[in-house]
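To start, the structure itself, in C-alpha cells.
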Amino acid sequence: MNVKSKEAIAAVTEDGRLVDIGEEEKVKNYLSFADEAGREIYWHSTSHIMAQAVKRLFPEAKLAIGPAIEEGFYYDFDIPRPLTDEDLEEIEKEMRKIIQEDLPFRRKEVSKEEAQKIFAERGETYKVEILEEIEESKVTLYEQGEFLDLCRGPHVPSTGYIKAFKLLSVSGAYWRGREDNPMLQRIYGISFDSEEKLQEFLKRREEAKRRDHRRLGRELDLFSLHEEGPGFPFFHPRGMVVINALLDLWRREHLKRGYQEVKTPMILERALWEQSGHWEHYRDNMYFTKIDDRDFAIKPMNCPGGILIFKSQLHSYRELPLRWAELGLVHRHELSGVLHGLMRVRCFTQDDAHIFMEPHQVKQEIIGVIELADYFYRLFDFTYEVELSTRPENSMGSDEMWDLATRSLEEALRELEVDYRVNPGEGAFYGPKIDFHLRDCLGRRWQCGTIQLDFAMPEKFDLYYIGEDGNRHRPVMLHRTVLGSIERFLGILIEQFAGAFPLWLAPVQVVILPIAERHIDYAREIKDVIFSEEIRVEINDENATLGAKIRKAEVEKVPYLAIIGDREMENRTLSIRKRKKGDIGSFTLDELLKNLKREIEEKVVD
RNA sequence: GCCGGUGUGGCUCAAUGGUAGAGCAGCGCAUUCGUAAUGCGCAGGUUAGCGGUUCGAGUCCGCUCGCCGGCUCCA
C-alpha cells in the first residue's frame, strides 16, 4: 500500500522504521491489517485498550507488559483478586466504550527520568523496573484518554480503529518469565478489522478442537491415559498399528542410510549417570531406584548406554562414522502442570541415534540427519521450523569446544540453505543443537527432531578410536532424533490428518460391508484374500443396516469400504466407497488390490 | 512446580441443599435392509478420593489426586 488509504493504520519510513500516521516523513509505504507488521500494531493497540479498560475497572491494577503475539495479544497485570470469566465480559464491555470514544493514541517523547517519575507517581512499579533497564535517555509514551503507557509504538491513530475483538482467556504468568518472580494475571485476546474475520477465527478455533489428538485418540481407540499413570500413555492395538507402520518405514530408511540398530537397558547404575554429567545437570528430571542396595537411575536419555556399547570394543577409523540408532524408552520427571496428551509425557520413545565420527566427518553427518528429517516431514506435508540453540548457563565443556560445535551446526544449515532462528542459551548441557519444530492443530509448536553435537561426553568417557597413524584419537559424538518422540509424533500426525490417516498408516485400511446375512460367507472369502495380501481388512457382519455400517466406518475414518450385496456376488465385483468421497464405483478384487497396493507403496497423502 | 478453571455410567451432558437422569456407545430380541444412524427391551454410577458443615451434600467448606488453559521447563 503506497497510498494512504482509510485502512492505513501506520507507516514504514524509507529507512525502515515503523511510525504513526501523522508522524510520517519519507514514507515508503503504509500498513494495514492485511500486513503482518500492520496486524502486530493493530493487536498491540488493542492490548493498550484492554489495559485501559482494566485500569478503569481495577484502578489498583499494576501494568506489566502487553505485546502482540503470533495470533493476538496479551497484557500482564498485577491485580489482587483473581479474574473470572465474568470480569472478562466486563472488561470487554469497557473496551467497547473506549473504542466508541474513539480516543486518539498520542505519542510523547520524554526523558527516561521524567518517565520514571511519571510511573512512580502512578504506582506503576513494573514500568519503573522496565525503565531501569532501558539504556536510551529518551523514551516514548503513548496516551489515549486518561491512559498512559510506556511504549515504543507505533499505534493505530485512534481507539475507534479497532473493529472487532475478543478476550480469550486469563492465566497466570511469572513477571519476566522467571519462576521466582511474582505471578501476574495474563489476559489473552485477539482483534480483527472486521466482525466476519473474528467469527471466522473463532469458528476455526472451534474446529481445531475436533482435531485434538486427545479426543481423536480416544474416539479412534488409538491410546488412552489413566489417572494411575499420569504422563504415561497406554497404546491400544490400533495405535500400535500406526506406530509400527511408521517404524517399519523408519527402520528401512535408517538401514538405507547406513545406520545399525542397538538397544540399551532402561535402568543403569547411578555412577554411570554421575560420569556422564546427568547427575549434575539433569538429576531433577530423573527417576531413581535401588536394587540390592545399589543405586540406579531410570534412563532419561539413551546416550550413556550407547557409549558403553562403543567402549565394549576397540574401534578403527575405518569403521567411522558409526551410526547407531535406538528406539529408546526414556523416563523424565516433568512438572505435573506441563503434561499434555501425547505431546508432553513422562515416558516416551525417542527415535534416537548416536553417531561416532572423526572430526572431519561432522558437517557431512549433520547434513545427512537434516536431510533425513526433511524426508520424514515432507512425507506428511508438515511445515517445520528450525532453531539453533547455543550454550546454556549450566553446561559442561570448554568455550572452544562449544564454539567449534556451534559453528559446525551453523555451517551445515547454511550449506543446505535452511532458514533458522537462533535460540541463545537453549542448548543441551553437553552441546549445542539444531531443533525441528512442528505445530499442532492450535498452532502450538512442539520440538520433534533434534541434532546435538557433543564433544564433552567422549571426553568424560575417554572414548577413542585408532586412527590411520596407529594412535588413539577422540571421536566426536552426535546425538539426534528425527521424529523426536514417537508419542509426540503420533500426536502431531493425528492432528495433521484429523485422524484420517493416509492409507499406509491407517489402523484399518478396508472394511467389508455385507448388505444382508446371505452375503456374509462371500464377504468372508473376499476378506481372506485381501488379508493374505497383507492389507489390514475387517468385516462388519453385525446386524445393522448398510447406512449404519457406512456411518460407523466413516466415523472411524476407514479409508476404503467394500460393499457386497446380490449385484456384487453375481458380477464378482465390489462396490467401493472412499473415505469422505463416497461411492467411487465397482471394481474387481484384483483391481482393488492393485490400487490399494499402489496407494500404500506411494504413501499417498490426500 | 506456579496461577486460574474443572471433575456426575465407556463418551457427551442434565439434576432451587431433599429418591442421581437422558442421548450415544454396550448387550439381548425382532428386522435382512443398496451408500452417514431400523425398532423394542436390558444392563450400567459409593457423583475422583478423604474429611468437615447440615436433620439431610452430586450441590456448601477444606485437603489430596487427575484433567483443561497458560507460565516456567523440554522430545
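None of the values given here were measured: they were computed from a predicted structure. These values consider heavy atoms only, across backbone and side chains, with no hydrogens, waters or symmetry-generated copies. Lettering follows sequence order; numbering is per chain, from 1.
- Using a 4.5 Å cut-off on side-chain heavy atoms (C-beta onward), Phe380(A) and Leu246(A) make contact.
- To the nearest angstrom, P of rC74(B) lies 16 Å from NE2 of His479(A).
- A 3.5 Å limit on both hydrogen-bonding distances identifies rG21(B) as the Watson-Crick or G-U partner of rC13(B).
- Atom P of rA22(B) sits at a distance of 33 Å from the matching atom of rG62(B), rounded to the whole Å.
- The pairing partner recorded for rG45(B) is none, the criterion being a Watson-Crick or G-U wobble arrangement whose two distances lie under 3.5 angstrom.
- Separating the CD atom of Glu227(A) from the P atom of rC65(B) is a distance of 11 Å, rounded to the nearest angstrom.
- Annotation: cation-pi pair Arg81(A)/Phe58(A) absent, no NZ/CZ under 6.0 Å from the ring centroid and within 45° of its normal.
- Two residues, Gly231(A) and Glu487(A), neighbour RNA chain B, and the one matched to the more 5' nucleotide by heavy-atom proximity is Gly231(A).
- His340(A) comes within 4.0 angstrom of sugar-phosphate atoms only, judged by non-hydrogen atoms across all strands, and of no base.
- Scanning both residues, Arg186(A) and Asp76(A), for their nearest heavy atoms gives NE-OD1, 2.7 Å.
- Residue contacts for Ala173(A): at a heavy-atom cut-off of 4.0 Å it reaches the sugar-phosphate backbone alone, with no base atom in range.
- Atom CZ of Arg214(A) and atom C1' of rC67(B) are 9 Å apart (whole Å).
- For Met183(A), counting side-chain heavy atoms from C-beta on, the closest listed nucleotide (rA75(B), rG34(B), rG70(B)) is rG70(B).
- Atoms CD (Glu228(A)) and P (rC67(B)) sit 11 Å apart, rounded to a whole Å.
- In terms of polar N and O atoms assigned as donor or acceptor, the side chain of Glu334(A) never comes within less than 3.5 Å of the base of rG1(B) in a complementary pairing.
- Between Phe73(A) and Ser191(A) the shortest heavy-atom distance is CE2-N, 4.1 Å.
- For Arg488(A), the side-chain atoms get nearest to rC74(B) when compared with the rest of rG70(B), rG34(B), rC74(B).
- Interface remark: the Arg344(A) side chain does form a donor-acceptor pair with the rC73(B) base, using a distance-only criterion of under 3.5 Å.
- The distance from atom CG of Leu184(A) to atom C1' of rC71(B) is 10 Å, rounded to the nearest whole Å.
- With hydrogens and angles left out, the side-chain atoms of Glu426(A) and Thr390(A) include no donor and acceptor closer than 3.5 Å.
- Using a 4.5 Å cut-off on side-chain heavy atoms (C-beta onward), Arg283(A) and Trp273(A) make no contact.
- On the P atoms, rC61(B) is 39 Å away from rG26(B), given to the nearest whole Å.
- Relative to the side chain of Ser169(A), the nucleotides rG69(B), rA36(B), rG1(B) differ in distance, and rG69(B) lies closest.
- As judged by a 4.0 angstrom heavy-atom cut-off over every strand, Ser336(A) is placed among the base-contacting residues.
- rG70(B) has no stacking from Tyr188(A) on its base ring, since the centres under 5.5 angstrom apart and planes within 30 degrees of parallel are not both found.
- When distances are taken from the side chain of Val345(A) to each of rG34(B), rU72(B), rA75(B), the shortest belongs to rA75(B).
- Each of Leu335(A) and Ile515(A) has a nearest nucleotide on RNA chain B; the 5'-most of these lies closest to Leu335(A).
- If you take CD1 of Ile564(A) and C1' of rG34(B), they are 13 Å apart, rounded to a whole angstrom.
- The shortest side-chain heavy-atom distance between His437(A) and Tyr384(A) does not fall under the 4.5 Å cut-off.
- At a threshold of 4.0 angstrom between heavy atoms, the contacts of Arg176(A) with the nucleic acid are absent.
- In this entry rC67(B) has rG5(B) as its Watson-Crick or G-U wobble partner, both defining distances falling under 3.5 Å.
- Here, rC65(B) and rU12(B) have their C1' atoms 24 Å apart, quoted to the whole Å.
- Taking atom P in both rU53(B) and rG10(B), one finds a spacing of 32 Å when rounded to whole Å.
- Here Gly565(A) lies in heavy-atom contact (under 4.0 Å) with a base.
- For rA36(B), its base sits under 3.5 Å from the side chain of Glu554(A) at one donor and acceptor pair at least.
- Nucleotides rA48(B) and rG58(B) have their C1' atoms positioned 12 Å apart, rounded to a whole Å.
- Within the 4.0 angstrom heavy-atom criterion, base atoms lie near Asp566(A).
- If you check every strand for non-hydrogen atoms under 4.0 Å, Arg444(A) touches sugar and phosphate atoms only.
- A distance of about 13 Å separates the P atoms of rG44(B) and rG21(B), rounded to the whole Å.
- Using a 4.0 Å heavy-atom cutoff across all strands shown, Arg178(A) reaches no nucleic acid atom at all.
- Of the candidates rC33(B), rC74(B), rG1(B), rC33(B) carries the atom nearest the Thr545(A) side chain, counting heavy atoms from C-beta on.
- The side chain of Arg577(A) sits closest to rU35(B) out of rU32(B), rU35(B), rA75(B).
- Note on Tyr74(A): nothing from the nucleic acid sits closer than 4.0 angstrom, heavy atoms only.
- We find that CD of Gln447(A) is positioned 7 Å from C1' of rC74(B), with the value rounded to whole Å.
- Of all heavy-atom pairs between Arg346(A) and Leu335(A), the closest is NH2-C, 3.8 Å.
- Gly337(A) comes within 4.0 angstrom of a base, heavy atoms only.
- When rounded to the nearest whole Å, the span between NE2 of His331(A) and C1' of rC74(B) equals 16 Å.
- Candidate nucleotides rU35(B), rU32(B), rA75(B) were compared by shortest atom distance to the side chain of Ser575(A), and rU35(B) ranks first.
- The nucleotide rG39(B) finds its pairing partner in rC29(B), both defining distances of the Watson-Crick or G-U wobble pair being shorter than 3.5 Å.
- With both ends at atom C1', the span from rU8(B) to rC3(B) equals 27 Å, rounded to whole Å.
- Scanning both residues, Ala544(A) and Ala548(A), for their nearest heavy atoms gives CB-CB, 4.2 Å.
- Here Arg186(A) lies in heavy-atom contact (under 4.0 Å) with sugar-phosphate atoms only.
- Base pairing annotation: rG58(B) forms no Watson-Crick or G-U wobble pair, as no partner gives both donor-acceptor distances under 3.5 Å.
- Closest to the side chain of Glu179(A), out of rG70(B), rG1(B), rG34(B), is rG1(B).
- Here the side chain of Lys433(A) is nearest to one of rG4(B), rC74(B), rG34(B), namely rC74(B).
- When all heavy atoms are compared, the tightest approach of Thr450(A) to Phe436(A) is N-CD1, 4.1 Å.
- Set against rC71(B), rU35(B), rC11(B), the side chain of Arg218(A) has rC11(B) as its closest nucleotide.
- Taking only distance into account, the side chain of Tyr174(A) meets the base of rG1(B) through a donor-acceptor pair shorter than 3.5 Å.
- Separation of the P atoms belonging to rA43(B) and rG28(B) is 15 Å when rounded to the nearest angstrom.
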